[in-house]
Amino acid sequence: MPAANPSKQNRAVVLGGGGAKGAYQIGVWQALRELGMDYRVVTGTSVGALNGALMAQGEFEAAYDLWWNMDNAQVMEGIPSADDTLDSRLAVYRAFVREMVTKGGVDISPLESTIRGILDEEKLRQSGVEYGIVTVDMTTLTPVQLFLRDMPQGSAADYMIASASCFPAFKPRTIEKSRFIDGGYYDNLPVEMAVRAGVELAEIWVVDVDGVGIRRSFRPEVPVRTVRSCWDLGNFLIFEKDQCRRNIRLGYLDAMKTAGACDGRAYAFPAGEEERLRLRYGPALEELCRRLLEPLGEKARSAVEGAALARLRGDLRRRRMKADLLLAAAETAGELLGLDPTRRYTMEEFSAALGERVRVERGKSGERDLTPDTLPKEGAGLGEALAALGKELALLTVMENLAQLLEGGEPLLRPELLAIALPRELLASLFLLIL
């Protein structure tokens with residue numbers, strides 16, 4: 001029966017499919033636990049179905065330990081462990097092809113064994129959480145959306161594995177006389193299913209790990225909070241221990257930001273730091289915009305605004321433009337200079353780290369610097385020449401050209417050219433120039 005008075009506890013969590021990227025969902029769960037945010041409904045597809053069962057059952061420590069130590073051997077038979085090298089990844093891809101050709105897909109019995117060891121179906125059924133999965137009946141080519149209450153006793157693990165059977169990479173899952181494959185072939189983010197759970201919801205948290213699959217358009221009548229990473233979460237078929245650990249931390253910080261417990265978009269800052277940033281650097285940014293951005297033509301200005309919008313949630317034109325532009329500039333500088341996104345910074349720490357990275361890059365050899373002799377003619381080849389410097393040196397080149405202009409000199413490259421060729425570097429330079 002639906003709850004008579006929906007509260008914040010009447011929350012649904014929707015977990016998307018995404019294979020190895022599923023570690024991110026454990027970080028989100030960690031944040032929800034820390035914030036005391038309960039949930040009454042969990043729906044998931046593929047790896048989201050597996051993590052969702054552990055969420056519904058309340059097995060956080062086991063799930064965290066599983067993903068913290070995850071590698072290919074924990075998931076698949078016949079697939080070697082991988083590290084962050086080309087040779088290692090090629091070996092994994094070759095093994096996938098071999099298993100698909102000779103055996104009709106990779107055997108995921110190691111993962112199944114682990115899941116069955118953690119899953120307590122009776123405990124899951126008694127949890128008070130409505131749990132549902134999405135899979136596809138390969139025999140009839142029809143989608144199957146099942147809540148736990150609809151699954152025959154003893155079949156929960158089978159349907160969870162069915163939802164995660166990413167055909168053709170993984171073998172289909174046979175249940176009775178039907179073969180089932182990954183639910184992402186029908187709905188990789190089952191929001192609509194969460195609404196049908198029979199609980200009068202107050203809000204829905206959607207955890208999107210950018211997995212491969214179909215996303216069905218559905219707009220529920222209750223508020224939806226989407227947790228999604230600004231960063232690459234890695235290859236969905238390769239389970240690398242270091243990448244999984246990184247993804248757990250990214251999921252945790254992104255969920256804290258979504259809940260309002262932290263500020264930031266790509267990076268995480270203590271709550272209230274965005275306002276401190278605006279108060280400290282806002283006037284200086286306005287002056288830079290007046291001197292550098294306002295004189296630009298429409299095409300160049302649009303390029304820089306587009307780079308800013310790519311970093312923000314929502315529409316820059318409907319928000320506090322200068323405040324958001326400032327944060328976008330700061331975070332873009334952090335990305336281009338390689339600051340670690342898995343830690344939480346104060347603005348003083350973030351600015352100091354940027355300053356140190358600029359100092360280090362300036363100390364490197366200037367053999368790749370552009371000069372009037374090596375500079376291509378305006379237009380053809382300019383963007384490629386700037387990009388060839390590498391993202392750090394390209395950023396410094398843009399920043400130094402803008403600094404020359406601000407000092408009244410004649411820069412080697414005009415701001416309009418820089419805005420069109422390297423809008424992200426120009427956006428980042430705005431923040432670095434006011435530090």
Side-chain angles (χ1 to χ4, degrees), residues 1-3 6 8-18 22 24-26 28-30 32-33 37-64 66-67 111-112 114-136 143-165 173 175 180 182-184 186-209 211 213 216 218 220 222 224 227:
M1 293 289 294
K8 285 299 182 183
Q9 280 66 47
N10 286 359
R11 178 180 295 109
V13 178
V14 178
L15 304 175
Y24 182 86
Q25 297 168 350
I26 303 304
V28 174
W29 185 11
Q30 180 185 11
L32 293 177
R33 282 167 52 87
M37 299 178 70
D38 205 351
Y39 42 85
R40 290 282 311 282
V41 176
V42 178
T43 60
T45 296
S46 194
V47 72
L50 302 180
N51 285 335
L54 302 182
M55 282 190 73
Q57 189 175 315
E59 298 291 347
F60 174 75
E61 287 77 12
Y64 190 95
L66 172 64
W67 280 102
L111 176 62
E112 179 177 354
T114 300
I115 293 296
R116 286 187 182 277
I118 300 173
L119 183 70
D120 181 336
E121 184 172 325
E122 188 56 33
K123 183 178 179 181
L124 180 61
R125 290 182 183 274
Q126 297 299 321
S127 68
V129 176
E130 294 292 340
Y131 165 68
I133 64 99
V134 183
T135 184
V136 173
V144 177
Q145 296 174 294
L146 288 175
F147 286 99
L148 182 64
R149 60 181 181 253
D150 303 319
M151 302 177 194
Q153 190 73 34
S155 68
D158 288 316
Y159 280 107
M160 288 161 54
I161 298 298
S163 180
S165 296
R173 182 70 178 184
I175 302 176
F180 294 90
D182 198 292
Y186 176 70
D187 190 355
N188 208 45
L189 279 170
V191 178
E192 183 268 342
M193 187 180 186
V195 173
R196 291 192 290 103
V199 175
E200 192 173 352
L201 297 173
E203 67 174 14
I204 300 172
W205 277 57
V206 176
V207 187
D208 181 2
V209 294
R216 297 193 170 272
F218 177 75
V222 297
V224 175
V227 188

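The figures here come from the full heavy-atom set of this structure, side chains too, leaving out hydrogens, waters and symmetry mates. Keep in mind that what you see is a predicted model, and the values were worked out from it rather than measured. Residue numbers run from 1 in the order of the sequence given.
- Remark: side-chain polar atoms of T45 are not paired, donor with acceptor, to backbone N or O of V134 under 3.5 angstrom.
- For Y39 (side chain) and W205 (main-chain N/O), no donor-acceptor pair under 3.5 Å exists by modelled atom type.
- By the 4.5 Å heavy-atom criterion applied to side chains, V41 and I204 are not counted as neighbours.
- Inter-residue side-chain proximity for I26 and F60 is flagged as met; some heavy-atom pair is nearer than 4.5 Å.
- You'll find the side chain of I161 reaches within 4.5 Å of the side chain of L50, heavy atoms only.
- Judged as a side-chain hydrogen bond (donor to acceptor under 3.5 Å, both in side chains), and not counting sequence neighbours, the contacts of R196 are Q145, E192.
- E121 places a side-chain N or O within 3.5 Å of a backbone atom of G154 that can act as its donor or acceptor partner.
- Side-chain N or O atoms of Y131 include one that pairs as donor or acceptor with a backbone N or O of A49 at under 3.5 Å.
- Using a 4.5 Å cut-off on side-chain heavy atoms (C-beta onward), V207 and L189 make no contact.
- With sequence neighbours left out, R116 forms a side chain to side chain contact (heavy atoms under 4.5 Å, CB included) with E112, A157, D158, R173.
- Between the side chains of W67 and N51, at least one donor N or O lies within less than 3.5 Å of an accepting N or O.
- A cation-pi contact, defined as under 6.0 Å to the ring centre and within 45° of the axis, is absent between R216 and F218.
- Under the 3.5 Å distance criterion, the side-chain polar atoms of E130 are left unmatched by any main-chain donor or acceptor of F147.
- The closest side-chain heavy-atom distance from R125 to M151 is below 4.5 Å.
- Contact of the V13 side chain with the L32 side chain is registered, since non-hydrogen atoms from C-beta on lie closer than 4.5 Å.
- S46 places no side-chain N or O within donor-acceptor distance of the main-chain N or O of G184, the cut-off being under 3.5 Å.
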